[in-house]
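Working notes for the structure below.
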Amino acid sequence: MSTYLIGDVHGCYDELQSLLAQVAFDPTQDTLWLTGDLVARGPGSLEVLRYVRSLGDAVRLVLGNHDLHLLAVYAGISRNKPKDRLTPLLEAEDADELINWLRRQPLLQVDEEKKLVMAHAGITPQWDLETAKVCAREVEAVLSSDSYPLFLDAMYGDMPNNWTPELTGLSRLRFSTNALTRMRYCFPNGQLDMISKETPESAPPPLKPWFAIEGPVARDYTIVFGHWASLEGKGTPPGVIGLDTGCCWGGVLTMLRWDDQSWFAQPSNRERPLDE
Ligand SMILES: Nc1ncnc2c1ncn2[C@@H]1O[C@H](COP(=O)(O)OP(=O)(O)O)[C@@H](O)[C@H]1O
């Protein structure tokens with residue numbers, strides 16, 4: 001009975017299966033945590049969703065920005081970009097079921113026994129765990145309701161970028177979604193910068209990666225995140241673990257076995273990275 005955590009799969013179905021085969025993953029015994037961005041960019045988004053959904057209670061995942069974008073594309077709100085390679089999924093006979101399952105998945109996972117927290121982008125240093133839970137549940141509630149297209153339509157955009165408990169309505173939902181699924185850099189006061197994508201060595205001052213600004217959650221919990229492939233899993237402080245190592249860009253798919261902290265990697269099948 002082991003717990004495995006895997007970074008952004010991004011449609012890399014074959015690599016996911018090979019990685020799980022390395023440890024003889026058994027969904028009747030083991031649990032799989034996934035950092036989100038299950039879909040887009042890689043060739044097998046449809047197969048990934050079908051497989052992950054079939055795992056039932058053996059999987060604990062969080063939604064990423066590309067998963068949310070897929071929901072918006074399927075709802076006719078956003079454009080299907082060819083480089084996302086989502087068309088087979090959008091046209092699949094079981095697309096309705098898959099999309100309705102996906103939009104009912106969480107944006108935050110917390111395991112009190114393991115003292116483990118997972119969100120696709122991370123946890124903003126402006127939040128304590130209670131606030132993170134409340135804000136994630138608010139987004140999850142609207143996504144699983146019938147009015148989810150209204151939220152998806154209002155989700156895009158970078159503002160507001162500063163947390164205050166007074167935020168309400170769609171602005172509050174947009175802040176929470178950006179913090180949980182798109183954040184990389186923050187200003188020293190924890191305000192989000194939604195523009196920079198550089199590696200930390202070339203980050204424009206005074207911006208710092210969110211995990212370099214002390215926040216209350218990191219004091220008591222290990223935080224696991226994906227989203228930021230150019231980190232290549234490096235540069236985080238102890239207790240913060242970045243699992244996205246860019247499999248869909250020709251990197252590797254990375255897995256951590258929680259129980260003994262052993263690492264596994266599956267190289268991308270891709271010969272050359274995709275053009276952006
Ligand atoms: N709230 C949001 N605002 C802007 N883009 C969003 C939002 N939510 C999801 N997205 C989607 O996230 C994706 C971002 O892609 P990209 O800019 O290449 O960054 P990444 O490095 O995360 O792949 C796009 O498909 C975009 O439509």
Side-chain angles (χ1 to χ4, degrees), residues 7-12 34-43 45 48-49 62-87 89-90 99 102-103 105-108 119-122 124 135-136 138-140 142-143 148-163 167 169-185 192-200 202-203 207 209-210 225-233 242-251 253 268 270 273-276:
D8 303 19
V9 177
H10 266 305
C12 295
L34 297 169
T35 59
D37 277 3
L38 300 181
V39 301
R41 307 285 160 85
S45 293
V48 169
L49 280 199
V62 287
L63 295 177
N65 52 316
H66 286 271
D67 305 313
L68 293 174
H69 181 67
L70 165 67
L71 298 180
V73 172
Y74 193 71
I77 289 161
S78 206
R79 197 170 58 85
N80 177 20
K81 300 172 218 164
K83 70 177 177 184
D84 284 342
R85 304 164 91 179
L86 291 172
T87 304
L89 165 52
L90 296 166
I99 294 287
L102 191 67
R103 73 182 172 87
Q105 301 307 310
L107 277 82
L108 178 74
H120 178 64
T124 165
C135 290
E138 288 168 358
V139 179
E140 291 159 10
V142 71
L143 268 176
Y148 75 98
L150 291 175
F151 161 70
L152 292 171
D153 193 35
M155 162 184 85
Y156 294 91
D158 297 343
M159 300 303 276
N161 66 346
N162 199 20
W163 170 249
L167 283 177
L170 290 170
S171 316
R172 181 174 166 112
L173 294 172
R174 190 180 313 110
F175 176 89
S176 301
T177 307
N178 281 335
L180 289 161
T181 71
R182 294 179 62 223
M183 166 181 73
R184 286 191 179 90
Y185 286 103
L192 304 179
D193 167 79
M194 302 307 304
I195 296 162
S196 297
K197 285 186 155 195
E198 290 85 348
T199 50
S202 42
L207 300 182
W210 64 268
F225 69 106
H227 184 56
W228 198 343
S230 62
L231 292 178
E232 297 175 343
L243 285 178
D244 184 9
T245 46
C247 186
C248 72
W249 304 114
L253 194 59
S268 168
R270 194 173 289 294
L274 276 178
D275 291 335
E276 263 237 72

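Note: hydrogens, waters and symmetry copies are ignored here, and every other heavy atom, side chains too, is used. Counting convention: from 1, in listed order, for ligands and their atoms alike. Computed from a prediction, not measured in an experiment: that's the story for all the values here.
- Between L68 and ligand 1, not a single N/O pair is under 3.5 Å apart.
- Taking a cut-off of under 4.0 Å to the non-hydrogen atoms of M155, the atoms of ligand 1 that pass are 1 (N), 2 (C), 8 (N).
- At a cut-off of 3.5 Å, with distance as the only test, no side-chain donor of D244 or T35 sits close to an acceptor on the other residue.
- Here the side chain of S78 pairs no donor or acceptor atom with the backbone of V73 at under 3.5 angstrom.
- For the pair V139/M155, no side-chain contact is recorded, criterion being any heavy-atom separation below 4.5 Å from C-beta on.
- Contacts between R184 and ligand 1 below 4.0 angstrom, taking non-hydrogen atoms only, involve the side chain exclusively.
- Listed for the R174 side chain is a donor-acceptor partner under 3.5 Å among the backbone atoms of A154.
- Using a 4.5 Å cut-off on side-chain heavy atoms (C-beta onward), W249 and H10 make no contact.
- The distance criterion of under 3.5 Å between nitrogen or oxygen atoms is not met by D158 with respect to ligand 1.
- For N178, every heavy-atom contact with ligand 1 shorter than 4.0 Å involves the side chain, none the backbone.
- The N/O atoms of H69, backbone and side chain alike, include one that comes under 3.5 Å of an N/O atom in ligand 1.
- Neither the backbone nor the side chain of R174 comes within 4.0 Å of ligand 1, counting heavy atoms alone.
- Remark: ligand 1 atoms within the under-4.0 Å shell around heavy atoms of H227 are 22 (O).
- For the pair N161 and N178, the minimum side-chain heavy-atom distance is 4.5 Å or more.
- Looking at W210, its side chain does come within 3.5 Å of a backbone N or O of A121 through a donor-acceptor pair.
- Residue contacts with ligand 1: K83 is placed with no nitrogen or oxygen under 3.5 Å of a nitrogen or oxygen of the ligand (distance criterion only).
- Among D244, T177, N65, the residue whose heavy atom sits closest to atom 14 (C) of ligand 1 is N65.
- Every atom of ligand 1 with a heavy atom of G157 under 4.0 Å away is listed here by number and element: 3 (N).
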